[in-house]
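A quick write-up on the structure given underneath.
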Protein chains: 2
Amino acid sequence: MERGVEPYEGDPALPGGFLNNVEEGILAAAHRELREEADLDASRLHLEQLGAYGEPGRDPRGRVVSVAYLAIAPGLPEPVAGTDAAGAFWTPVEEVLSGRLKLAFDHQQIVADGVERARAKLEHSALAAAFCAETFTIAELQKVYEAVWGVQLDPRNFYRKVQGVPGFIVPAGAERRTTKGRPARLFRAGPRTVLHPPLVRPDTPMTNEVDQ
Amino acid sequence: MERGVEPYEGDPALPGGFLNNVEEGILAAAHRELREEADLDASRLHLEQLGAYGEPGRDPRGRVVSVAYLAIAPGLPEPVAGTDAAGAFWTPVEEVLSGRLKLAFDHQQIVADGVERARAKLEHSALAAAFCAETFTIAELQKVYEAVWGVQLDPRNFYRKVQGVPGFIVPAGAERRTTKGRPARLFRAGPRTVLHPPLVRPDTPMTNEVDQ
DNA sequence: GCAAAAGTGTTATCGATACACCCATGA
DNA sequence: TCATGGGTGTATCGATAACACTTTTGC
């Protein structure tokens with residue numbers, strides 16, 4: 001969102017806000033803020049807790065403890081600015097990770113943590129299928145993995161690997177004919193949500209971490 | 001701890017409490033509570049955030065948001081009951097996971113989450129070495145893994161696997177002679193804290209999860 | 001010598017990768 | 001027929017796991 005109030009008025013930031021009445025849980029509050037601030041609804045929306053951020057100095061108003069949530073969903077509409085927001089827009093994560101788009105508070109760090117979580121999530125969960133239409137080809141599923149991981153995958157090996165996970169995707173019977181090339185078989189999401197074996201992503205460029 | 005005040009007075013629970021003044025961060029608060037309630041100090045104590053628990057109904061006093069931390073450290077002393085605590089004691093996690101020892105609030109769930117996190121942590125971090133003395137044998141290191149994972153490992157394969165991780169452990173020169181058997185070489189923790197490749201634990205009994 | 005624990009070698013197997021190859025379609 | 005993308009076969013490599021075997025000690 002583009003913030004409409006101080007602090008950081010006018011700066012881009014993640015949508016969020018304070019807990020409401022004493023009956024509201026933190027997950028419900030995340031849903032509410034997403035709806036209020038960006039008009040994004042809960043249907044087909046996976047919300048997963050990232051963690052709490054509560055070091056002093058992260059908010060000029062004082063020590064504020066925020067619980068961050070990662071939302072994963074396909075085909076989201078354009079966000080609409082709601083309460084306290086001057087604007088709302090999507091941006092590629094690369095803009096934030098590279099530092100070209102600077103966010104308010106410590107939201108830069110929260111985004112970095114969220115992206116890493118999403119990338120790891122694809123390895124062990126069937127969430128990627130949720131980013132495709134009701135039925136989809138294996139090549140389409142591959143594009144989801146490539147987009148999130150930011151890598152290129154071998155179509156032949158991906159094809160079998162994905163079929164080697166029982167219950168991940170099941171044949172949908174039909175085929176899809178595109179303008180060129182052989183028609184592809186269609187699949188739909190299977191019953192499994194945890195992947196055995198996992199789809200491991202290729203080695204990241206080996207950050208040579210020696211600390212923490 | 002054994003709780004000394006309402007709610008759940010007399011019941012066992014994790015140590016914890018409320019944030020202090022407005023300058024205190026959540027990590028600092030976790031350290032403080034551990035010191036105040038259990039007299040456990042910060043030296044050689046790894047604290048890592050588990051997550052926030054904030055659903056309504058988890059505390060009879062109302063909607064309370066707790067940020068849970070997992071502490072990992074070797075050779076901890078007997079805990080001492082401090083403020084608001086009637087007692088303090090260690091217990092095997094199995095007592096909690098099995099339900100034989102019932103904890104206050106939703107601390108049962110928090111312990112389950114923490115144990116799972118600790119188990120996963122050993123795969124990718126060099127933390128296990130921190131549970132051994134300054135110098136240690138590979139067999140001693142193996143016992144740490146076996147204790148945390150609750151499995152038996154092949155000493156021969158473990159021996160090489162662990163040496164195959166560059167920078168995990170480095171030879172300490174000397175040997176240790178026990179009452180019986182060949183003396184074992186001694187090692188000390190190496191510079192690496194993230195393990196490449198990871199020490200993967202054997203397959204868990206394949207929980208056939210189909211949801212979430 | 002014998003038991004016990006440390007350490008080494010060897011082999012079968014599995015999964016990942018790379019890539020040659022065939023298949024089915026539209027133009 | 002050719003280009004294009006879909007799909008199959010297969011060899012190589014590295015990591016794992018199982019386990020036979022050797023080494024070094026105390027008794």
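Fair warning: this is a prediction, and the values are worked out from it, not measured in the lab. Letters A, B, ... are given to chains in the order of the sequence lines, protein chains preceding strands, and every chain is numbered from 1. Values below: all heavy atoms of this structure, side chains included; hydrogens, waters and symmetry mates excluded.
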**OP:** Fit a plane to each ring of A/His107 and A/Phe105, take the angle between them on a 0 to 90° scale, and name the class: parallel (under 30°), tilted (30 to 60°) or perpendicular (over 60°).
**Re:** tilted
Of the options [options], whose atoms approach the side-chain atoms of [X] most closely?
{"X": "A/Arg182", "options": "C/dA6, C/dC23, D/dT25", "result": "C/dC23"}
{"X": "B/Arg185", "options": "C/dG7, C/dT25, C/dA4", "result": "C/dG7"}
{"X": "A/Arg156", "options": "C/dT25, C/dC19, D/dC19", "result": "C/dC19"}

Length of the line joining [X]:[atom1] and [N]:[atom2], which is rounded to integer Å:
{"X": "B/Phe158", "N": "D/dA18", "atom1": "CZ", "atom2": "P", "value": "16 Å"}
{"X": "B/Asp154", "N": "D/dA15", "atom1": "CG", "atom2": "C1'", "value": "15 Å"}
{"X": "B/Gln152", "N": "D/dA18", "atom1": "CD", "atom2": "P", "value": "12 Å"}
{"X": "A/Leu186", "N": "D/dG7", "atom1": "CG", "atom2": "C1'", "value": "15 Å"}
{"X": "B/Leu141", "N": "C/dG7", "atom1": "CG", "atom2": "C1'", "value": "16 Å"}
{"X": "A/Glu175", "N": "C/dC23", "atom1": "CD", "atom2": "P", "value": "16 Å"}

Tell me whether [X] contacts the main-chain N or O of [Y] through its side chain, where contact means a donor paired with an acceptor under 3.5 Å.
{"X": "B/Arg63", "Y": "A/Glu24", "result": "yes"}
{"X": "B/Asp154", "Y": "B/Asn157", "result": "yes"}
{"X": "B/Arg117", "Y": "B/Leu50", "result": "yes"}

**OP:** Could you tell me which non-hydrogen atom of A/Ala52 sits nearest to which non-hydrogen atom of B/Ile26, and how far apart they are?
**Re:** O-CD1, 3.8 Å
Listing time: all N or O pairs from protein to nucleotides 14-17 of chain C that are below 3.5 Å?
unit_1	atom_1	unit_2	atom_2	d
C/dT17	OP2	A/Lys161	NZ	3.1

Original post:
Which residue lies toward the 5' end of DNA chain C, B/Phe187 or A/Lys180, if each is placed at its nearest nucleotide?
Top reply: B/Phe187
**OP:** Verify the contact: side-chain N or O of A/Tyr159 to OP1 or OP2 of D/dG6, cut-off strictly under 4.0 Å; return yes or no.
**Re:** no
Subject >> Approximate separation, where rounding is to 0.5 Å, of A/Leu153 CG and A/Gln142 CD >> reply: 5.5 Å
Original post:
How far does OH of B/Tyr159 sit from OG1 of B/Thr137, to the nearest 0.5 angstrom?
Top reply: 10.0 Å
